[in-house]
Amino acid sequence: MDVEALRTFVAVAETGQFQAAADELGISQQAASKRIAALERHIAVTLLVRTSRGSRLSLDGQVFLPHARKVLAAIEQAVRPGSRPLRVDVLNRRITPAQAVYRFYRSHPEMDLDAVTLSEENAAQAAQAVLEGTVDASFRALAADQIPAGISAERLLDAPLELLVGPGHPLADAPWASPADLAGHRIWIPGIRPGTEWAAFYQALSDAFGLSIDALGPNFGDEALMDALADSTSLATLVGNGDRYLWTQAHDLRRIPLHDPTPVYPHVLLFRSGEQHPVLNALRDHLRTAGPPTPHDVWAPDWVDR
């Protein structure tokens, strides 16, 4: 059923005049008449009777009017911005974007949102999911020249990296380290996949500071990684300082901040251009004002737009 024909019928019923309804809808009287005629053909009843003073509802029209209003109200509710939860891709529930979105929700419990993880998609695929409406927004590290038409991007979360090591590692007791200090140490980040934005990030980090970062061997998950770090005197990994990883107390793992410079993983929020979902706007405002301050000595890949 033609929604615009329904809207025209309600307008004529309320104004009593085809011309007045047409003016209200911004169409010609002829177009209004054609819509009503098509609607009457579709439901096989006469809805409006023309008189010398305008138009009045037929008996069938009187019965149909409240149903038409309900249909239009339902459609308006369905498409109104904010009438459904904001669907945000946070990539991984343990990392900085997920924690930031969770803090936003804790401070705005009235906001309706849904956090999902498109963990198998790379940045380009996530951007396409935003364009297609599978998700409303996605946190990714994406070069400015790779952002597709129709997508807006805002760099809202810079996650400073930390070195995570076991108690026997040579840097275990360091209060902080510089990226250059990591040269010669094996940094193991299982799960890096070629063609992903995080693979490009870690390659740029390796090239910039002469680091040895690899994903060799099977990925048995976070718990297995923590076990390996605890048992090793040489193995290390990198995590964001806002990432939430858990391990047993006996592991005695150490998180060592990196400075001089501070490498950050630049999480860019991707969303459809012109998107007016009120929760998205509130989330962006929250991250601008309540997000962690950006370190003064930031390092990020050259391909990331500030």
Side-chain angles (χ1 to χ4, degrees), residues 90-99 117 119-120 122-123 140-141 157-267 292 294-304:
V90 295
L91 183 59
N92 182 312
R93 297 191 191 280
R94 294 189 182 276
I95 65 175
T96 296
Q99 303 309 311
T117 56
S119 55
E120 297 302 313
N122 61 26
R140 298 286 164 158
L157 281 175
D158 279 354
L161 297 188
E162 295 179 338
L163 191 70
L164 183 63
V165 298
H169 193 277
L171 295 174
D173 295 322
W176 63 276
S178 71
D181 294 332
L182 308 186
H185 296 279
R186 184 192 174 197
I187 302 173
W188 186 41
I189 306 180
I192 298 176
R193 297 199 316 274
T196 59
E197 68 270 27
W198 51 93
F201 172 84
Y202 288 121
Q203 185 61 57
L205 182 65
S206 298
D207 294 343
F209 299 101
L211 306 186
S212 175
I213 299 176
D214 70 73
L216 300 176
N219 178 13
F220 288 106
D222 297 333
E223 290 76 11
L225 172 61
M226 304 305 155
D227 292 343
L229 294 173
D231 292 339
S232 175
T233 60
S234 60
L235 199 60
T237 195
L238 293 171
V239 296
N241 74 344
D243 295 356
R244 189 175 184 180
Y245 291 96
L246 303 176
W247 54 81
T248 64
Q249 186 174 0
H251 280 357
D252 192 23
L253 300 186
R254 318 290 175 83
R255 299 182 73 136
I256 302 165
L258 298 178
H259 301 300
D260 193 28
T262 300
V264 299
Y265 193 93
H267 294 283
T294 300
H296 70 279
D297 60 342
V298 161
W299 175 89
D302 293 338
W303 44 263
V304 175

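Quick caveat: nothing in here was measured; it's all calculated off a predicted structure.
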Looking at residues at least two apart in the chain, or sitting in another chain, which of them share a side chain to side chain contact (heavy atoms under 4.5 Å, CB included) with [X]?
X	result
A200	W303
S232	S234, L235
P160	N241, T262, V264, P295
S212	none

Show the numbers, then the answer: is there a side chain to side chain contact (heavy atoms under 4.5 Å, CB included) between F201 and L161? CA-CA 12 Å; F201 172 84; L161 297 188; 3.8 Å; yes

Please enumerate all residues that pass side-chain hydrogen bond (donor to acceptor under 3.5 Å, both in side chains) together with [X], with sequence neighbours excluded.
X	result
D227	H251
R255	E162
W188	none
E223	none

Correct closest heavy-atom pair for A174 and I256 would be O-CG2, 3.7 Å

| field | Plane angle bin for F209 and W299 - parallel if under 30°, tilted between 30 and 60°, otherwise perpendicular | value | perpendicular

Contacts satisfying salt bridge (charged side-chain N to carboxylate O under 4.0 Å, His left out) that involve residues 208-222 (not counting sequence neighbours) are R94-D222, R186-D214

Here the salt bridge (charged side-chain N to carboxylate O under 4.0 Å, His left out) pairs for residues 166-182, sequence neighbours left out, are D173-R254

[X] side chain to [Y] backbone, donor-acceptor under 3.5 Å:
X	Y	value
D158	P266	no
R140	L91	no
Q99	R93	yes

With sequence neighbours left out, the residues meeting ring-ring contact (aromatic ring centres under 6.0 Å, His included) with Y202 are none

For R244, the salt bridge (Lys or Arg N to Asp or Glu O under 4.0 Å) test, sequence neighbours excluded, returns none

Exactly one of V298, L258, D297 clears side chain to side chain contact (heavy atoms under 4.5 Å, CB included) with P263, and that residue is L258

When rounded to the nearest 0.5 Å, the distance separating CG of L171 from CG of L164 is 12.5 Å

